[in-house]
2 protein chains.
Amino acid sequence: MGVSTPSRRERLRAETAAEIKTVALGLMAEGGPDAITLRAIAREMGMTAGAIYGYYETRDTLVSALITDVYTSLVDTVEAARDAVPADDAAGRILAWGQTLREWALANPEGFRLIYGDPVPGYQAPEGGAAAEAAHRACAGLTGLVAAAWPQAVARQPGGYDWTDFDPILTGLVRAEFPGLPPAAVALALRVWGRMHGLVALEVYGHLRGQTKDAGRLYLDELRDLTRSLGLEGRPAAPA
Amino acid sequence: MGVSTPSRRERLRAETAAEIKTVALGLMAEGGPDAITLRAIAREMGMTAGAIYGYYETRDTLVSALITDVYTSLVDTVEAARDAVPADDAAGRILAWGQTLREWALANPEGFRLIYGDPVPGYQAPEGGAAAEAAHRACAGLTGLVAAAWPQAVARQPGGYDWTDFDPILTGLVRAEFPGLPPAAVALALRVWGRMHGLVALEVYGHLRGQTKDAGRLYLDELRDLTRSLGLEGRPAAPA
DNA sequence: TGTTCTAACTTAACGCCGTGTAGTAAATGT
DNA sequence: ACATTTACTACACGGCGTTAAGTTAGAACA
């Protein structure tokens, strides 16, 4: 049924739905997430606000769609940066991921706020929502980075813990991609996530402005300390 | 001029100004920061929205005052937790600070969002604002924690850097409180801040919900790794 | 081709919101 | 007792999300 040949109507409809998101992103770029207004979008498109309800159930629905798009774009960016570094350079890959995350956040502060800040007043990420998929990709990517350093890292981790009570969704997904990797590695990946997120969030939200003028070096120091704590000393491991 | 004996008018005025903030905090507790509405506050107080303009220039001014109050309360809380641990137990003090930060954030998620999230659409923390003072207190507190571990920590810091380009305000303030402590120690304190902030922010904003069920242990692992990276092994240093 | 149907859109309204302006009543200072 | 300042109300403006009813242009079918 129209899967192969979308009718003219379906095509126009999809184009309009996409234009709404594009215009919304433009409004967000100047004026922040609060500038995403159905009336402003409609104004920009030569429509009336009510018309948008034919494409998105509510404003929150639209914003959720934007979150998914932006989150996906972020994950695409950091994954690309990671893949530009040789796979045997575990430290380099972590640095690339981390620095690209910060650069993306500084270049798209509104997008970063949209993803990690208050998305919508009473917003709750839908359980199986599409945005959760981007989060899982990010987490899986970090797990991959940690996995590459796991042998060195595990020696520095005191106490084995059991770490068996992870969310089944993630555990299943990551186990499928990294068979044999213990849950503790995922825990470590989440901690790495938190470590990268912390300074970037503080910087994006302006909390470092009054404290330092070189947040970039601060962050680089932190990433270097991170790779060191994973047992990755500076250069990639030369083949034995 | 009434400094010693506030007139009846001044007292009533101060009480009303305080009640506005109290009611606003109550509204925020249920319904989030977006529930802070001049009309709702006035409704709750049996007034009209316009009356509030006699106490706060604008809604953003009120919210800024709330941020200051909440931030101050947070810093008071973590400082008290720190001071409940003997001064010679550097690792214990850091753990106390970090865990209390998380507990406060989970108990007052809306307050955490208010401080560290998007406070107000076009909000920019005023350069010398009162909220900046709370931030400086937090930073100074962390610097104190780092200072106690500095001898052990400095050995693990590769490369001395110079770190002389700090914001003069903070450098002056911290230097006054910790004379002789190099700027690099403040840099390390900021990194510690970022490390604590990262996981707490991710958890408060719900980004860990789909990934793990035991964010608390994750965070504790991170704090333990943090103290270890500062050269503080588990127990306080016994007197030589 | 002519008719019917339907999806896309407009218009108008409701109740919120922040924010000004003008007016009122009471407390205050002299 | 009177003048002034203060605290507040009443009202209006424009903008917001959202909904219900009405309109129109294009697709579908005879």
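Every heavy atom of this structure was used, including side-chain atoms; hydrogens, water molecules and symmetry mates were not. Per chain, numbering begins at 1; letters A, B, ... match sequence-line order.
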Does a side-chain N or O of R59(A) approach OP1 or OP2 of dG17(D) to a distance below 4.0 Å, or not?
yes
From CG of L12(B) over to C1' of dT5(D), roughly how many Å is that when rounded to an integer?
15 Å
Out of dC16(D), dT19(D), dA8(C), which nucleotide sits closest to the side chain of Y53(A)?
dT19(D)
Can you measure E19(A) atom CD to dA8(C) atom P for me and round it to whole angstrom units?
15 Å
Rounded to whole angstrom units, what separation is found between the CZ atom of R11(A) and the P atom of dG26(D)?
14 Å
Under 4.0 Å between a side-chain N or O of R43(A) and OP1 or OP2 of dC16(D)?
yes
May I ask you to say what Y55(B) touches in the nucleic acid, namely base, sugar-phosphate or nothing, with a heavy-atom cut-off under 4.0 Å?
sugar-phosphate
Nearest to the side chain of T48(A) - dT11(C), dC16(C), dG18(C)?
dT11(C)
R13(B) atom CZ is separated from dT5(D) atom C1', nearest whole Å, by 12 Å
Could you tell me how far apart D34(B) (CG) and dG18(C) (P) are, to the nearest whole angstrom?
11 Å
Rounded to whole angstrom units, what separation is found between the CG atom of L38(B) and the P atom of dG20(C)?
11 Å
Taking CG from L62(A) and C1' from dT18(D), how many angstroms apart are they, rounded to a whole number?
14 Å
Is a side-chain N or O of R175(B) found less than 3.5 angstrom from the main chain of L181(B), in a donor-acceptor match?
yes
Take atom CZ of R39(A) and atom P of dC9(C), then tell me their distance rounded to the nearest Å.
17 Å
Among dA7(D), dT11(C), dC8(D), find the nucleotide with the atom closest to the side chain of A51(B).
dC8(D)
Answer yes or no: is there a donor N or O on one side and an acceptor on the other, between the side chain of Y116(A) and the main chain of A201(B), under 3.5 Å?
no
Scan T16(A) against the nucleic acid and name what it touches under 4.0 Å (heavy atoms): base, sugar-phosphate only, or nothing.
nothing
To the side chain of M47(B), which of dC17(C), dT18(D), dC8(D) is closest?
dC8(D)
With side chain to side chain contact (heavy atoms under 4.5 Å, CB included) as the test, pick out the partner of W104(B) among V200(B), V75(B), T77(B).
T77(B)
Return the OG1 to CZ distance between T100(A) and R82(A), rounded to the nearest 0.5 Å.
11.0 Å
When you compare the side chain of V70(B) with that of L25(B), does any pair of heavy atoms fall below 4.5 Å?
yes
Using heavy atoms to find the nearest nucleotide of DNA chain C for T58(B) and G50(A) separately, return the residue whose nucleotide is more 5′.
G50(A)
Base, sugar-phosphate, or nothing: which does T37(B) touch, judged by heavy atoms less than 4.0 Å apart?
sugar-phosphate
